Novice: 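One structure is given below, represented as structure tokens, and several questions about it will come after.
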Amino acid sequence: MNRIERIITDLGGANAPILSVLLAVQDISDRQYIDEKSVNEIARLLGVSRSRIYSTASFYNEISLKPRGKHLIRVCGNAPCENAGKELITRTLERELGIKTGETTKDGLFTLEAVSCLGACYMSPAIKVGDLIYGDLTPERAIEIVSDLRKGQEDETA
């Protein structure tokens, strides 16, 4: 049984919710996305059309159909974060990473994305990196987070 088949079996077989399957398959992807081969396999195993898989995947911001960096940095764009300086945090991250929002660094380490809400209004402005939310951000703290992630990557490869 391959990994996708195992995920679908664990989630209820042919009746598994498409969104749950997509999220689980994306979680096991090295580049945090759903590739063409996976779309085909999911559609086959669930007995649905590829277009249904694509329409579900493209509807949700949480799912990507293109490769993303090892570290996915999501910048919250809700009103409290906007009012607390989200734009300055975004510009700082873009400058530090050398990319624009929606892009991935050439080394494949970072992808910067904008999201509607992280549910962290009490600590605006906020970003999410992986499963961790960082709040009450300043530009200096945002740079420090990126620096720590880079250092962690260097430590892993040393």
Side-chain angles (χ1 to χ4, degrees), residues 1-78 81 86 89-90 93-94 96-135 137 142 145-158:
M1 183 180 297
N2 70 36
R3 291 167 42 166
I4 294 175
E5 193 172 0
R6 187 170 300 116
I7 286 169
I8 290 173
T9 298
D10 291 347
L11 291 172
N15 295 320
I18 293 173
L19 179 57
S20 297
V21 171
L22 290 171
L23 289 169
V25 170
Q26 181 173 269
D27 283 347
I28 64 169
S29 166
D30 292 339
R31 295 294 305 271
Q32 304 184 65
Y33 81 113
I34 306 292
D35 62 16
E36 179 76 18
K37 182 179 174 188
S38 296
V39 167
N40 292 335
E41 183 74 358
I42 293 166
R44 184 183 69 75
L45 291 168
L46 293 180
V48 298
S49 67
R50 293 178 54 230
S51 65
R52 181 145 179 227
I53 301 301
Y54 277 117
S55 67
T56 302
S58 63
F59 181 80
Y60 293 97
N61 289 339
E62 186 74 18
I63 299 170
S64 180
L65 293 168
K66 64 180 187 175
R68 295 189 284 192
K70 178 177 180 178
H71 302 290
L72 178 58
I73 301 175
R74 293 186 166 130
V75 180
C76 186
N78 67 15
C81 284
K86 179 246 353 168
I89 299 302
T90 300
L93 288 168
E94 287 178 340
E96 181 67 17
L97 297 170
I99 58 173
K100 296 288 184 195
T101 300
E103 296 179 345
T104 299
T105 57
K106 287 182 175 47
D107 61 8
L109 277 181
F110 298 96
T111 295
L112 184 62
E113 292 183 349
V115 295
S116 298
C117 185
L118 293 175
C121 300
Y122 62 95
M123 58 178 177
S124 299
I127 63 171
K128 183 176 182 181
V129 182
D131 293 329
L132 298 175
I133 294 179
Y134 299 89
L137 286 178
I145 291 165
V146 169
S147 178
D148 289 349
L149 291 167
R150 282 186 176 130
K151 184 177 179 342
Q153 183 63 34
E154 291 169 6
D155 291 346
E156 282 181 24
T157 58

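Computed from a predicted structure; not experimentally measured. Just so it is clear, the values below take in all heavy atoms, side chains as well, and ignore hydrogens, waters and symmetry mates.
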Novice: On a heavy-atom basis, which atom in Ser55 and which in Ser58 lie closest, and how many Å separate them?
Specialist: O-OG, 3.3 Å

Novice: Does Glu113 reach the main-chain N or O of Ile73 with its side chain, forming a donor-acceptor pair under 3.5 Å?
Specialist: no

Novice: Only one of Asp35, Val39, Ile42, Ile63 passes side-chain contact (heavy atoms from CB on, under 4.5 Å) with Val25; say which it is.
Specialist: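 Testing Val25 for a side-chain contact (heavy atoms from CB on, under 4.5 Å) against Asp35, Val39, Ile42, Ile63 leaves exactly one candidate, Ile42.
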
Novice: How long is the straight-line distance from SG of Cys117 back to CG of Asn61, given to the nearest 0.5 Å?
Specialist: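 If we round to the nearest 0.5 Å, Asn61:CG and Cys117:SG are 12.0 Å apart.
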
Novice: Check step by step if side-chain contact (heavy atoms from CB on, under 4.5 Å) holds for Ile133 and Met123.
Specialist: CA-CA 9 Å; Ile133 294 179; Met123 58 178 177; 3.1 Å; yes

Novice: Going by distance alone, is a donor N or O of one side chain under 3.5 Å from an acceptor N or O of the other, for Asn2 and Glu41?
Specialist: yes

Novice: Please check if the number of heavy atoms outside Arg50 that lie under 6.0 Å from its CZ is greater than 12.
Specialist: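 Yes, enclosed.
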
Novice: Under a 3.5 Å distance rule, please check whether Glu94 uses its side chain to pair with a backbone N or O of Thr101 as donor and acceptor.
Specialist: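 Such a contact is found between Glu94 side chain and Thr101 backbone.
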
Novice: Sequence neighbours excluded, which residues qualify as salt bridge (charged side-chain N to carboxylate O under 4.0 Å, His left out) partners of Lys128?
Specialist: none

Novice: Any ring pair (Phe, Tyr, Trp, His ring centres under 6.0 Å) involving residues 110-135? Give me the pairs, sequence neighbours left out, ordered by first then second residue.
Specialist: His71-Phe110

Novice: If every non-hydrogen atom of Leu65 is compared with every non-hydrogen atom of Ala57, which pair is closest and at what distance?
Specialist: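 Residues Leu65 and Ala57, closest heavy atoms: CD2-CB, 3.8 Å.
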
Novice: Donor-acceptor pair, distance only, cut-off 3.5 Å: does the side chain of Gln26 make one with the backbone of Ser64?
Specialist: yes

Novice: Looking at every non-hydrogen atom in both residues, tell me the closest pair between Leu118 and Arg74 and how far apart they are.
Specialist: CD1-O, 3.9 Å

Novice: Can you list the steps and then say if Cys81 with Asn78 is a side-chain contact (heavy atoms from CB on, under 4.5 Å)?
Specialist: CA-CA 5 Å; Cys81 284; Asn78 67 15; 3.3 Å; yes

Novice: Working note: Arg44 + Glu5, criterion salt bridge (Lys or Arg N to Asp or Glu O under 4.0 Å); need CA distance, chi angles, decisive distance, verdict.
Specialist: CA-CA 10 Å; Arg44 184 183 69 75; Glu5 193 172 0; 5.4 Å; no

Novice: Between Thr9 and Gly13 (side chain of the first, backbone of the second, donor and acceptor by atom type, cut-off under 3.5 Å), is there such a pair?
Specialist: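 Answer holds: no.
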
Novice: Please examine the side chains of Val75 and Val115, heavy atoms only from C-beta on, and report whether any two atoms are closer than 4.5 Å.
Specialist: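 No, too far: nothing below the 4.5 Å cut-off.
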
Novice: Working to the nearest 0.5 angstrom, can you tell me the gap between Cys76 SG and Leu137 CG?
Specialist: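 Atom-to-atom, Cys76:SG and Leu137:CG are 10.5 Å apart.
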
Novice: Say you draw a straight line from CG of Asp107 to NZ of Lys70; how long is it, rounded to the nearest 0.5 Å?
Specialist: 11.0 Å

Novice: Assess whether side-chain contact (heavy atoms from CB on, under 4.5 Å) is satisfied between Ile7 and Ile28, documenting all intermediate values.
Specialist: CA-CA 10 Å; Ile7 286 169; Ile28 64 169; 3.7 Å; yes

Novice: Tell me, yes or no, whether the heavy-atom count around Asp30 atom CG, taken from other residues, nucleotides or ligands under 6.0 Å, exceeds 12.
Specialist: no

Novice: Considering the options Leu97, Val129, Leu109, Leu112, which one meets the side-chain contact (heavy atoms from CB on, under 4.5 Å) requirement together with Val146?
Specialist: Leu97

Novice: Measure the CD1-CG distance between Ile18 and Leu23 for me, rounded to the nearest 0.5 Å.
Specialist: 12.0 Å

Novice: Is Arg68 salt-bridged to Glu103, cutoff N-O under 4.0 Å?
Specialist: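 Salt bridge between Arg68 and Glu103, a charged N being under 4.0 Å from a carboxylate O: no.
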
Novice: Is there a donor-acceptor pair under 3.5 Å between the side chain of Thr111 and the backbone N or O of Thr104?
Specialist: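 A pair under 3.5 Å: no.
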
Novice: Under 3.5 Å, side chain of Ser38 to main-chain N/O of Ile34, donor-acceptor pair present?
Specialist: no

Novice: Roughly how far apart are Tyr54 OH and Leu22 CG, rounded to 0.5 Å?
Specialist: 11.0 Å

